[in-house]
Amino acid sequence: MPTIEDVARAAGVSRSTVSLVLNKSPLVRETTKRRVEEAIAELNYVPNNNARGLSSRITNALGVLFMQDFMPSMGQVTYDNDQHVGLCSFNISNGIMNGLIGTRYGVIMERFCSVNAPDELPRMIQEKRVDGVFVVGHPYSEAFLQNLRETGIPFVMVGVGSYEEGIDSIYADPFEGTLIAVRELLRTGHRRICLMNCSAMLLSHERRLQAYRMALEESGLPFDESWNICAKKNNGRSAYEVFCQFWEAGNRPDAIVAANGQSASGIMSFLYRQGVCIPDDLSIIAYEDSSICGYATPALTAVNIRKEELGFEAAKCLIDRIRHPDKPVTTFVAEPYLVRRESVRER
């Protein structure tokens, strides 16, 4: 029997577009609708009306969609420093759970990579298993957002730098947090500060760089583009490798701002092998405080971006959007603060 994927392939559209046509959505252009209907007729595709009937009802479930830059296979999962620890998304999801206490809603969680499939939508949305969606983190494609809009399902963006014009956005601004970190290092007498930035494919990369440059220039220090180091992936091994290249090129910072705890731990591992003592020889601050920062030796000074609060506010926002579809767009920015530990020393 032909499937909805066969119809999508024959019509040259996404599965979600076929679903919209089957549900007689007015959002589909007439030319696209005819192409899908022709593919349905040619393949003799028969929709599963029982499944569609079930999925059209209110589910009392909300989707927590974790955006990924790649989807590892089970064989790739280890507990070494090459893994994405996912603590940011985990902490945000804890806040979402707290925000749903006392409501009728449960959650369904799914990981999704729109980088690999920019025109596709996650299964929880295709199968109409949820009444609304939290889009946690990034990256995501423009096509993904457009397709999500076309479904008509309520959704909210939540995460670091997860702001989209005209969409409910609950986020931490990496500009503010990075500014706090660099200014703290300047205040404590550091003058050779480098930035271990996240991947350039992530939305927060440019905001971190802007804050780093602004803080240096307002203190009269020169900005050197080569001291904005970019890890290819958000893990310790990638940070280790790119910082090794930076160090071997003869660069000797007296302080580092790292994009997160796992990046900081990768740098600390490299410096340990060089005999560099933290904080006696070099100070380090991590953006996005987490349990990694508290467990590190020495414990990492970090910027707390209130991840649990982001999740809590996102839960309130999404429920309000479901109840009041026409309400004005909500934008909430969490205010970061510095947690001083042992990894920074006065110079």
Side-chain angles (χ1 to χ4, degrees), residues 62 64-67 86-100 132-140 142 144-145 148-149 154-185 195 197-215 218 234 257-261 263 285-290 293 301-324 326-340:
L62 300 176
V64 181
L65 188 60
F66 300 116
M67 304 306 295
L87 280 176
C88 186
S89 297
F90 174 73
N91 295 146
I92 289 172
S93 68
N94 282 343
I96 290 172
M97 299 294 192
N98 287 334
L100 296 179
V133 176
F134 303 96
V135 181
V136 181
H138 44 84
Y140 40 78
E142 283 298 321
F144 166 78
L145 286 183
L148 191 53
R149 280 191 177 106
F155 67 97
V156 56
M157 317 300 294
V158 53
V160 177
S162 295
Y163 169 78
E164 290 291 339
E165 186 75 29
I167 300 176
D168 293 329
S169 301
I170 313 296
Y171 68 104
D173 185 355
F175 180 92
E176 294 299 330
T178 303
L179 202 59
I180 288 172
V182 180
R183 283 175 173 170
E184 173 68 4
L185 291 172
L195 174 65
N197 210 334
C198 61
S199 168
M201 73 184 298
L202 299 179
L203 297 176
S204 59
H205 175 94
E206 187 61 28
R207 292 292 285 166
R208 298 175 198 269
L209 178 56
Q210 290 170 354
Y212 169 63
R213 182 170 190 161
M214 174 178 163
E218 70 183 11
N234 230 0
V257 175
N260 45 52
S263 295
I285 295 180
Y287 180 84
E288 189 212 314
D289 196 13
S290 70
C293 300
T301 294
V303 177
N304 188 303
I305 61 172
R306 305 179 188 266
K307 292 173 285 187
E308 288 79 7
E309 183 178 348
L310 291 176
F312 186 87
E313 291 295 329
K316 291 197 304 182
C317 177
L318 185 56
I319 291 173
D320 198 28
R321 173 62 61 194
I322 292 170
R323 292 174 178 167
H324 308 286
D326 297 324
K327 76 179 184 72
V329 170
T330 295
T331 299
F332 175 88
V333 188
E335 183 177 350
Y337 63 94
L338 188 69
V339 179
R340 292 184 175 88

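Computed from a prediction, not measured in an experiment: that's the story for all the values here. The basis for the numbers below is simple: all heavy atoms, side chains too, and nothing from hydrogens, waters or symmetry mates.
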**Item:** Criterion side-chain contact (heavy atoms from CB on, under 4.5 Å) on Leu87 and Asn260, from CA distance to verdict
**Value:** CA-CA 10 Å; Leu87 280 176; Asn260 45 52; over 6 Å; no
**Request:** Kindly indicate, with the supporting measurements, whether the criterion side-chain contact (heavy atoms from CB on, under 4.5 Å) is fulfilled by Val333 and Tyr171.
**Result:** CA-CA 5 Å; Val333 188; Tyr171 68 104; 3.4 Å; yes
**Request:** Quick one: do Tyr140 and Glu164 satisfy side-chain contact (heavy atoms from CB on, under 4.5 Å)? Show the steps, please.
**Result:** CA-CA 11 Å; Tyr140 40 78; Glu164 290 291 339; 3.1 Å; yes
**Request:** Report the C-alpha distance between Arg149 and Ile167 in whole Å, list the side-chain angles of each, state the deciding distance to 0.1 Å, and finish with yes or no for side-chain contact (heavy atoms from CB on, under 4.5 Å).
**Result:** CA-CA 9 Å; Arg149 280 191 177 106; Ile167 300 176; 3.2 Å; yes
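A donor-acceptor contact shorter than 3.5 Å links the side chain of Asn197 to the backbone of His205. Side-chain atoms of Thr330 never come within 3.5 Å of backbone atoms of Asp168 as a donor-acceptor pair (strictly under, hydrogens ignored).
Shortest non-hydrogen contact noted between Leu310 and Ala334 is CD2-CB, 3.6 Å. Pairing each heavy atom of Ala315 with each of Leu100, the nearest pair is CB-CD2, 4.0 Å. Nearest approach of Leu202 to Pro139, heavy atoms of both residues: CD2-CD, 3.6 Å. For Ala314 against Ile170, the heavy-atom pair with the smallest separation is CA-CG1, 3.8 Å. Heavy-atom minimum distance, Gln210 versus Phe175: C-CE1, 3.8 Å. Nearest heavy atom pair, residue Val160 against residue Ser204, reads CG1-CB, 4.1 Å.
Using a 3.5 Å distance cut-off with no hydrogens or angles, the side chains of Glu165 and Tyr163 do pair a donor with an acceptor.
Between Phe312 and Arg306 there is no side-chain heavy-atom pair separated by less than 4.5 Å. Looking at heavy atoms from C-beta onward, Ile180 lies in side-chain contact with Pro336 at the 4.5 angstrom threshold. A 4.5 Å side-chain heavy-atom check between Asn234 and Ser263 finds at least one atom pair inside the cut-off. When side chains are defined from C-beta on, Thr178 does not count as touching Val303, because their heavy atoms never get closer than 4.5 Å. The shortest distance between side-chain heavy atoms of Tyr287 and Pro174 falls below 4.5 Å. At least one side-chain heavy atom of Val135 sits under 4.5 Å from a side-chain heavy atom of Phe144. Contact of the Leu145 side chain with the Met157 side chain is registered, since non-hydrogen atoms from C-beta on lie closer than 4.5 Å. Lys327 places a side-chain heavy atom less than 4.5 Å from the side chain of Asp320.
Taken from NE2 in His138 to OG in Ser199, the straight-line distance is 10.5 Å, to the nearest 0.5 Å. Taken to the nearest 0.5 Å, the SG atom of Cys293 stands 9.5 Å off from the CG atom of Asn304. Separation of atoms CG (Asp173) and CZ (Arg208) is listed at 10.0 Å; rounding is to 0.5 Å. Expressed to the nearest 0.5 Å, how far NZ of Lys307 lies from CD1 of Ile96 amounts to 13.5 Å. Atom CD1 of Ile305 is separated from atom OG of Ser290 by 9.5 Å, given to the nearest 0.5 angstrom. The distance from atom CD1 of Ile92 to atom CZ of Phe66, rounded to the nearest 0.5 Å, is 8.5 Å.
Taking a 6.0 Å sphere around CZ of Phe90, one finds it holds 12 or fewer heavy atoms contributed by other residues, nucleotides or ligands. Glu335 CD: 12 or fewer foreign heavy atoms inside a 6.0 Å radius.
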